[in-house]
2 protein chains.
Amino acid sequence: MSLRIALLGLLSSSGPASGYDLTKKFEVSINHVWQAGHSQIYPELAKLAADGLVTVEAEGARGRKTYAVTPEGRAEVHRWMMEHVPAEPARSENALQAFLLPLLDAPEAVAVLERMSAVSRARLGHLYELKVANPPASGRLGVHALELGIMQTESFLTWATTTIDALRHDA
Amino acid sequence: MSLRIALLGLLSSSGPASGYDLTKKFEVSINHVWQAGHSQIYPELAKLAADGLVTVEAEGARGRKTYAVTPEGRAEVHRWMMEHVPAEPARSENALQAFLLPLLDAPEAVAVLERMSAVSRARLGHLYELKVANPPASGRLGVHALELGIMQTESFLTWATTTIDALRHDA
DNA sequence: TATCCCATGTAACACGTTACATGATTAC
DNA sequence: GTAATCATGTAACGTGTTACATGGGATA
């Protein structure tokens, strides 16, 4: 369900695009929010076309198909945004490792937390790059999600640091 | 993969339990970190037994089977904790709505953000209850994950509030 | 004896990942 | 001509969700 919304959303904001284009756009923008590879995107576009939410606007060289959102497609995104209450993720490997941390002894737990911190700092760096590349012009899809991602990653880092300190004091 | 680890982790910490017990434990403790229903848990326990990571310690009334972790099972959790680098979630309906927020006009966006806030406040309340019920005794599985969940939810709320304010000023 | 909780399972379907497979066009 | 990139798809497999199905034991 959400993949269709993501595709319709991108098409709504950026205008017509091919499956190939959308795959690339996923990689560079929406990726930190919703991942999908071409093997998921192509069949989903076909279904969206069958359901009348997008149309094949043009067929170009190399079998390239350019898709455009229909009014029904726009309505579908709008409805989802206004009515759908997001299911909270509640399935995070990071959180699972956090949960099971007490199974380790203190030095091991610290090592795990430090690895997590390193990964998070890298992620944070990546998000800052995105922010610099896509300056926060309002109206641009993704600005708010980027801020959210940065805040969440920072708060994860704070948690990791705090927990490392606590474990060091215990030991 | 992660479901096995979650099951092995619970069995490691709490001692032998049945599929039914584990299903209940998921609901009240690990649930905010990794969800699973009985229809996933029963087959997974069978596989774990087939792989020698747990054993059927006893068979009681009503076909009840009590599972216990084997040393191999403990080793498996330990290895996963030390070696497995968690894949970041990168698939969150909340974040997707955040991403697509610019498709809405300001009052609509504020309404969406307020709904998100309400859900988050409820979640936060639930997590606080868990914290009170399970006082932070070190060594107890889940203490750290609970702190993490609370911090993440709080930072989500901060983001929502900040974004609402920004949208109100724009409008 | 009826209802609730214990207790376990299977089946159908949706979603996601990885790998396989193919071919056209462009740039060197 | 050959390598990189454009461009699209399918298949196999693993994981997750919902619904279906069954029955024993305790309690009112």
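Here is how names work: the chains are called A, B, and so on, in the same order as the sequence lines, proteins then strands, and each is numbered from 1.
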A.B. asks: Take atom OH of B:Tyr20 and atom P of D:dG24, then tell me their distance rounded to the nearest Å.
C.D. replies: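 My rounded result for the distance is 17 Å.
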A.B. asks: Give the nucleotide from the list C:dT25, D:dT15, C:dT8 with an atom nearest to the side chain of A:Arg62.
C.D. replies: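 Shortest atom-to-atom distance from the side chain points to C:dT25.
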A.B. asks: If you only use heavy atoms from C-beta on, which nucleotide in D:dT10, C:dG9, C:dC6 is closest to the side chain of A:Pro43?
C.D. replies: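 Of all the options, the side chain of A:Pro43 is nearest to D:dT10.
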A.B. asks: Report yes if the side chains of B:Lys131 and B:Glu147 come closer than 4.5 Å at any heavy-atom pair, otherwise no.
C.D. replies: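 Yes, side chains in contact.
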A.B. asks: Tell me whether the OP1 or OP2 atom of D:dT15 has a side-chain N or O from B:Gln40 closer than 4.0 Å.
C.D. replies: no
A.B. asks: Between B:Glu27 and B:Lys24, does at least one N-O distance fall below 4.0 Å, as a salt bridge requires?
C.D. replies: no
A.B. asks: Could you tell me the separation between the CG atom of B:Leu22 and the C1' atom of C:dC6, rounded to a whole number of Å?
C.D. replies: 15 Å
A.B. asks: Test for a donor-acceptor pair under 3.5 Å between the base of C:dT8 and the side chain of B:Ser18, counting only N and O atoms.
C.D. replies: no
A.B. asks: Establish, with yes or no, whether the OP1 or OP2 oxygen of D:dT17 is under 4.0 angstrom from a side-chain nitrogen or oxygen of A:Arg91.
C.D. replies: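 Answer is yes, contact under 4.0 Å.
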A.B. asks: Within this structure, what is the CD-to-C1' distance between A:Glu44 and D:dT8, rounded to whole angstrom?
C.D. replies: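 Distance check: A:Glu44 CD to D:dT8 C1' gives 16 Å.
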A.B. asks: Mind checking B:Arg64 for me? I need base, sugar-phosphate or nothing, with any heavy atom below 4.0 Å counting as a touch.
C.D. replies: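 Sugar-phosphate only.
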A.B. asks: What nucleotide, of D:dA7, C:dT17, D:dT17, holds the atom closest to the side chain of B:Ser39?
C.D. replies: D:dT17
A.B. asks: Tell me: NZ of B:Lys47 to P of C:dT8, nearest whole Å?
C.D. replies: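 From B:Lys47 NZ to C:dT8 P: 18 Å.
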A.B. asks: Could you state the CD-C1' distance from B:Glu93 to D:dT17, rounded to the nearest angstrom?
C.D. replies: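 Result: 14 Å.
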A.B. asks: Report yes if a side-chain nitrogen or oxygen of A:Tyr42 is closer than 4.0 Å to either non-bridging phosphate oxygen (OP1 or OP2) of D:dT8; otherwise report no.
C.D. replies: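 Yes, A:Tyr42 has a side-chain N/O under 4.0 Å of OP1/OP2 on D:dT8.
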A.B. asks: For D:dT5, does either OP1 or OP2 sit under 4.0 Å from a side-chain N or O belonging to A:Lys24?
C.D. replies: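 No, outside the criterion.
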A.B. asks: Taking the side chain as everything from C-beta on, heavy atoms only, tell me whether B:Ser117 gets closer than 4.5 Å to B:Leu157.
C.D. replies: yes
A.B. asks: Whole angstroms only, please: what is the NZ-P distance between A:Lys65 and D:dC6?
C.D. replies: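 Roughly 19 Å, once rounded to whole Å.
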A.B. asks: Indicate yes or no: does B:Asp21 engage B:Arg64 in a salt bridge with an N to O separation below 4.0 Å.
C.D. replies: yes
A.B. asks: Please report, rounded to the nearest Å, how far the C1' atom of D:dC13 is from the CE atom of B:Met1.
C.D. replies: 15 Å
A.B. asks: Taking atom C1' of D:dT8 as reference, at what distance in whole Å does atom CD1 of A:Ile41 sit?
C.D. replies: 12 Å
A.B. asks: Using a strict cut-off of less than 4.0 Å between a Lys/Arg side-chain nitrogen and an Asp/Glu carboxylate oxygen, indicate whether A:Arg115 and A:Glu108 qualify as a salt bridge.
C.D. replies: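 A salt bridge is absent here (no side-chain N lies under 4.0 Å from a carboxylate O).
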